[in-house]
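As structure tokens, the structure follows; a few thoughts come after it.
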2 protein chains.
Amino acid sequence: MMMPDYLFQTVFTTRLPKKTNNYNLKNMMKLPGKTVERLSEYRRTLLECLNEKRNFIFSHDLAARLHITAVQVRRDLMLIGYSSVLRKGYDVRELIDTIGKIIDSEESMNVAVIGIGNLGRAVAGYFKGKRSKLNLVASFDNDPQKVNRVISGVKCYPYTDIERMIKELDIRIAILTVPPDFAREITEEAVRFGIKGILNFTTIPLNVPSGVYLEEYDMITSIEKVAYFVKENKI
Amino acid sequence: MMMPDYLFQTVFTTRLPKKTNNYNLKNMMKLPGKTVERLSEYRRTLLECLNEKRNFIFSHDLAARLHITAVQVRRDLMLIGYSSVLRKGYDVRELIDTIGKIIDSEESMNVAVIGIGNLGRAVAGYFKGKRSKLNLVASFDNDPQKVNRVISGVKCYPYTDIERMIKELDIRIAILTVPPDFAREITEEAVRFGIKGILNFTTIPLNVPSGVYLEEYDMITSIEKVAYFVKENKI
DNA sequence: TGATTATTGTTAAATTATTAACATTGGTTT
DNA sequence: AAACCAATGTTAATAATTTAACAATAATCA
């Protein structure tokens, strides 16, 4: 019971068969959130490696680029059951693939930005040139200047179309960048019409029914945290 | 040694004197990062309470608004040494004050946004109407359309002015919202010229010397995390 | 007033996350 | 080939964070 038992439905008897790149752990349970976050970061870093024509990378190298420890990298990769083939580090391409098999869904998933103000446009911008199984397929807003135009690469629909578009485009994830006063109301609708995951950038904490995954991020909190630690350093 | 001993320089012998609102813990060491984050959130929620003319709030009430547990609230407040006066919950105004004494610096601290694209403007927008000891006093960019104009409430300076302005305005915190390719270079400068805290929104992990506090946030990671948990729910 | 309830502050336990330790395994060097 | 080295995968230990448990105390009520 050293192996955290919530991770696997079946438990390994000895050790993993070597030499096979066993992302055959179909029966793996949910990974810790922190690990998922890091996997996403690993992949992005690995893609940079590909650009640099690096085809292999050591755990300590990958770790250094992300300012974490090599053990952490190795441990995370252990959790997803990836083993390096050679002793000359991880096969970059293969690892990108493996991570994809773990964190991406099989078919791609559609995403919408709700509220296409500055932050919404920034988010939309981040999607550009991003391969990945996530497609930004729509944005929503009520500003007549925006509605029915393509903004930052996505068509903007009025809020009144939200039900129709969620269903028509099979949108599963919403990124919420609306003014605070509007956050609760539009979330309630989005969820009602089938949204299964929300990334909330507003300052309003949201309530979602179980079965809907909610991730919240608050800039002000981050800034105040920085300020606090700057202050503490000084004293 | 039940009381995490990194928290206090001196250790309490029995329990805190009751009835005094003892934010007299001048000798308190750094709080856990997670607690600092929550304190910021508590304060924001408490400010909303004031708007609603609520002058007292129970721990479970505050907790519910933030979707955390009441124990967590009480524990955090214990760490900053705040006690409710009555048994009718926490005095909202007083608690706002106490939190301020802990997480704010005495004199206000100046902040700049580096890179005033969509995300930079979004961040700037968040500062509007925010009381607090943090003042957004400048932004930097090289776009001739932006330089020397006031954007989202702050004057934009060219990157060449960064040394001068950091010193002139005593800027201590930088919010980094530049294109990825430029992130490392400008960070190096900012740090050299006296920046002590950085909130990095670019996708490039940064290196900073010790003595500089770095907080990184990556939207793509958050989105991929949401996607992962949505997928897992479904399977 | 005495019993009951609601809420707190605090200690202790449980959980989660990170780091250290180390045996193992190819590769490299002499 | 023997000795050494570099890097991995894994278990064990440590640290951080959250949750539970509970005694203490004010408010309420019968």
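Here the structure is a predicted model, which is why all the values come from computation and not from measurement. The figures that follow rest on heavy atoms only: side chains count, while hydrogens, waters and symmetry mates do not.
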D/dG9, OP1 or OP2 - any side-chain N/O from A/Tyr90 closer than 4.0 Å? yes
Residues A/Arg43, A/Glu94: salt bridge by 4.0 Å N-O rule: no
Nearest whole angstrom, please: distance from the P of C/dT8 to the CZ of B/Phe56. 12 Å
salt_bridge(B/Arg93, B/Asp97) N-O dist < 4.0 Å: no
May I ask you to list the residues of residues 66-74 of chain A, by number, that have any heavy atom positioned under 4.0 Å from an atom of DNA chain C? A/Thr69, A/Val71, A/Gln72, A/Arg74
To 10°, what angle do the rotation axes through the five end pairs on each side of the helix from C/dT1-D/dA30 to C/dT30-D/dA1 form? 0°
Is any side-chain nitrogen or oxygen of A/Ser59 closer than 4.0 Å to OP1 or OP2 of D/dA7? no
Is a donor-acceptor pair below 3.5 Å formed from side chain A/Arg75 to base C/dT19, judging by atom type as modelled? yes
What's the closest nucleotide to the A/Lys34 side chain, out of C/dG9, C/dT18, D/dT18? C/dT18
When rounded to whole Å, the NZ to P distance for the pair B/Lys88 and C/dA6 reads 9 Å
Just how far, in rounded Å, is C1' of D/dT10 from OH of A/Tyr82? 18 Å
Hey, could you give me the CD/OH distance between B/Glu224 and B/Tyr228, rounded to the nearest 0.5 Å? 13.0 Å
Could you check how far CG of A/Leu79 sits from C1' of D/dT8, rounded to whole Å? 15 Å
Please tell me which of the listed nucleotides, D/dG9, C/dT7, C/dG9, lies nearest to the side chain of B/Ser84? C/dG9
In terms of the angle between their ring planes, are A/Tyr217 and B/Phe201 parallel, tilted or perpendicular, with boundaries placed at 30° and 60°? perpendicular
Given C/dA17, D/dT10, D/dT18, identify the nucleotide with an atom nearest to the side chain of A/Pro32. C/dA17
Is A/Asp76 salt-bridged to A/Lys34, cutoff N-O under 4.0 Å? no
Might you confirm whether atom CZ of B/Arg192 has over 12 heavy atoms from other residues, nucleotides or ligands at distances under 6.0 Å? yes
So A/Lys231 and B/Asp104, salt bridge (Lys or Arg N to Asp or Glu O under 4.0 Å) or not? Walk me through it. CA-CA 8 Å; A/Lys231 178 190 74 153; B/Asp104 292 338; over 6 Å; no
Which value, rounded to the nearest 0.5 Å, describes the distance between A/His67 atom NE2 and B/Leu206 atom CG? 7.0 Å
Using atom CG of B/Leu31 as one end and atom P of D/dT18 as the other, report the distance to the nearest whole Å. 13 Å
Look at B/Arg65 together with B/Glu52 and state whether they make a salt bridge at an N to O cut-off of under 4.0 Å. yes
Which nucleotide, D/dA12, C/dG9, C/dT8, lies nearest any side-chain atom of B/Phe58? C/dT8
Applying side chain to side chain contact (heavy atoms under 4.5 Å, CB included), run through A/Tyr126 and B/Leu119 and close with a yes or a no. CA-CA 10 Å; A/Tyr126 274 97; B/Leu119 186 52; 3.8 Å; yes
How close or far is atom P of D/dT17 from atom CZ of B/Arg38, stated in whole angstroms? 9 Å
D/dT18 P sits how many Å from B/Met78 CE, rounded? 14 Å
Between A/Asp76 (CG) and D/dT8 (P), how many Å, whole number? 14 Å
